[in-house]
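Residue indices begin at 1 and follow the sequence shown.
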Amino acid sequence: QVQLAESGGGPVQPGGSLRLSCAASGGGISSYNMGWLRQAPGKEREFVAAITWKGDRTYYTDSVKGRFAISRDNAKNTVYLQMSSLKPEDTAVYYCAAVVYSGGVYSPRSYDYWGQGTQVTVSS
């Protein structure tokens with residue numbers, strides 16, 4: 001069973017950058033499509049970005065296009081989310097997740113494995 005652990009979150013000022021990492025253990029992630037999702041206080045968990053198992057396609061929610069970039073290194077069993085031009089509305093707990101079915105990357109309910117999350121707080 002794949003176990004996922006996020007890191008790299010923290011406080012950041014508006015306009016700043018952060019790089020989140022997601023390290024997998026207990027099994028490789030090379031056969032999984034990987035996603036980043038987030039949940040803000042009082043809101044439902046939402047899709048942020050995803051990358052196919054080969055790394056040949058990426059997907060983003062509209063609000064982060066041009067600001068966030070997802071990438072993966074299957075040899076290191078690690079997925080990354082580079083976040084730039086951060087806004088206060090990006091404040092949330094960010095989760096890394098794995099899904100077998102690529103058609104389900106946009107839906108939080110589709111994901112098979114989840115990390116514990118890392119807090120990102122964008123504030124001046």
Side-chain angles (χ1 to χ4, degrees):
Q1 182 170 342
V2 175
Q3 297 174 329
L4 304 171
E6 303 92 339
S7 61
V12 62
Q13 293 189 341
S17 299
L18 279 177
R19 188 196 198 199
L20 305 183
S21 298
C22 171
S25 61
I29 60 170
S30 59
S31 59
Y32 290 94
N33 304 291
M34 299 297 296
W36 286 95
L37 301 96
R38 66 187 179 187
Q39 187 165 18
K43 295 187 177 181
E44 293 186 354
R45 197 167 296 187
E46 65 174 357
F47 167 79
V48 176
I51 187 168
T52 55
W53 65 275
K54 289 194 296 184
D56 59 342
R57 292 193 67 178
T58 56
Y59 309 85
Y60 298 94
T61 191
D62 286 345
S63 63
V64 308
K65 285 179 180 177
R67 301 189 298 121
F68 291 11
I70 188 171
S71 61
R72 66 189 296 162
D73 186 336
N74 286 343
K76 296 183 177 179
N77 272 332
T78 304
V79 180
Y80 306 96
L81 185 68
Q82 178 67 48
M83 305 186 295
S84 304
S85 301
L86 282 161
K87 305 175 181 180
E89 52 263 43
D90 295 318
T91 295
V93 177
Y94 283 71
Y95 297 90
C96 172
V99 60
V100 173
Y101 175 49
S102 63
V105 297
Y106 291 104
S107 173
R109 292 186 177 87
S110 298
Y111 285 81
D112 302 294
Y113 301 103
W114 291 84
Q116 293 299 307
T118 184
Q119 176 71 46
V120 172
T121 302
V122 185
S123 174
S124 56

Given the rule in the side-chain contact (heavy atoms from CB on, under 4.5 Å) test, do S84 and F68 qualify, once you have shown the distances and angles that lead to the verdict?
-> CA-CA 6 Å; S84 304; F68 291 11; over 6 Å; no
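- We find the OG-CG distance between S30 and D73 to be 11.5 Å, quoted to the nearest 0.5 Å.
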I would like to know whether E46 and T61 meet side-chain contact (heavy atoms from CB on, under 4.5 Å); could you show each step before the answer?
-> CA-CA 9 Å; E46 65 174 357; T61 191; 5.6 Å; no
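- Proximity of N74 to W53: side-chain heavy atoms (C-beta onward) are nowhere separated by under 4.5 Å.
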Please step through ring-ring contact (aromatic ring centres under 6.0 Å, His included) for the pair Y95 and Y111, ending with a clear verdict.
-> CA-CA 11 Å; Y95 297 90; Y111 285 81; over 10 Å; no
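- Pairs of residues two or more places apart, or lying in two chains, never qualify as disulfide bond (SG atoms under 2.5 Å apart) while including a residue from residues 35-82.
- A perpendicular orientation is assigned to the rings of Y106 and Y59, their planes being inclined by more than 60° (bins at 30° and 60°).
- Interatomic distance, CD1 of I29 versus SG of C96, reported as 7.0 Å (0.5 Å rounding).
- F47 and Y80 are assigned to two separate hydrophobic clusters, defined by single-linkage of ILVMFWY side chains at heavy-atom distances under 4.5 Å.
- Considering only heavy atoms from C-beta on, P11 stays 4.5 Å or farther from S123 through its side chain.
- Minimum interatomic distance between S71 and I51 (heavy atoms only, all atoms of both residues): CA-CD1, 3.9 Å.
- For the pair S110 and V99, the tightest heavy-atom approach, listed with the atom from each and the gap, is O-CG2, 3.4 Å.
- In terms of hydrophobic clustering, with Ile, Leu, Val, Met, Phe, Trp and Tyr side chains grouped at heavy-atom distances under 4.5 Å, L20 and L86 are assigned to a common cluster.
- Considering all non-hydrogen atoms of both residues, L81 and A49 come closest at CD1-CB, 4.1 Å.
- Checked by atom type and distance alone, the side chain of R109 never pairs as donor or acceptor with a backbone atom of G104 at under 3.5 Å.
- When side chains are defined from C-beta on, Y94 does not count as touching E6, because their heavy atoms never get closer than 4.5 Å.
- Taking CE of M83 as the start and CD1 of I70 as the end, the distance is 11.5 Å to the nearest 0.5 Å.
- T58 contributes atom OG1, which lies 12.0 Å from atom CZ of R72 (distance to the nearest 0.5 angstrom).
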Would V122 and E89 satisfy side-chain contact (heavy atoms from CB on, under 4.5 Å), going step by step from the backbone distance to the final call?
-> CA-CA 8 Å; V122 185; E89 52 263 43; over 6 Å; no
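- No salt bridge links D90 with K87; every basic N to acidic carboxylate O contact stays at or beyond 4.0 Å.
- Q119 has its side chain within reach of T91: a pair of non-hydrogen atoms, C-beta onward, lies under 4.5 Å apart.
- T52 places a side-chain N or O within 3.5 Å of a backbone atom of R57 that can act as its donor or acceptor partner.
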Please report the C-alpha distance between V120 and R38 in whole Å, then the side-chain angles of each, then the deciding distance to 0.1 Å, and finally whether the side-chain contact (heavy atoms from CB on, under 4.5 Å) criterion is met.
-> CA-CA 9 Å; V120 172; R38 66 187 179 187; over 6 Å; no
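- Enclosure of atom CD in E44 is not indicated, since only 12 or fewer non-hydrogen atoms of other residues, nucleotides or ligands lie within 6.0 angstrom.
- By the 6.0 Å contact criterion, CH2 on W114 is enclosed, its count of non-hydrogen atoms from other residues, nucleotides or ligands being greater than 12.
- Around CD of Q116, the count of heavy atoms belonging to other residues, nucleotides or ligands within 6.0 Å does not exceed 12.
- To the nearest 0.5 Å, the span separating OG on S31 from NZ on K54 amounts to 13.5 Å.
- Of the inter-residue distances, the one linking L4 atom CG with S25 atom OG reads 7.5 Å to the nearest 0.5 angstrom.
- Checking side-chain atoms of T78 against main-chain N and O of K76 turns up a donor-acceptor pair under 3.5 Å.
- Side-chain contact check for Y60 versus R67: every heavy-atom pair is 4.5 Å or farther apart.
- Of the possible donor and acceptor atoms, one in the side chain of D112 sits under 3.5 Å from a partner among the backbone N and O of V100.
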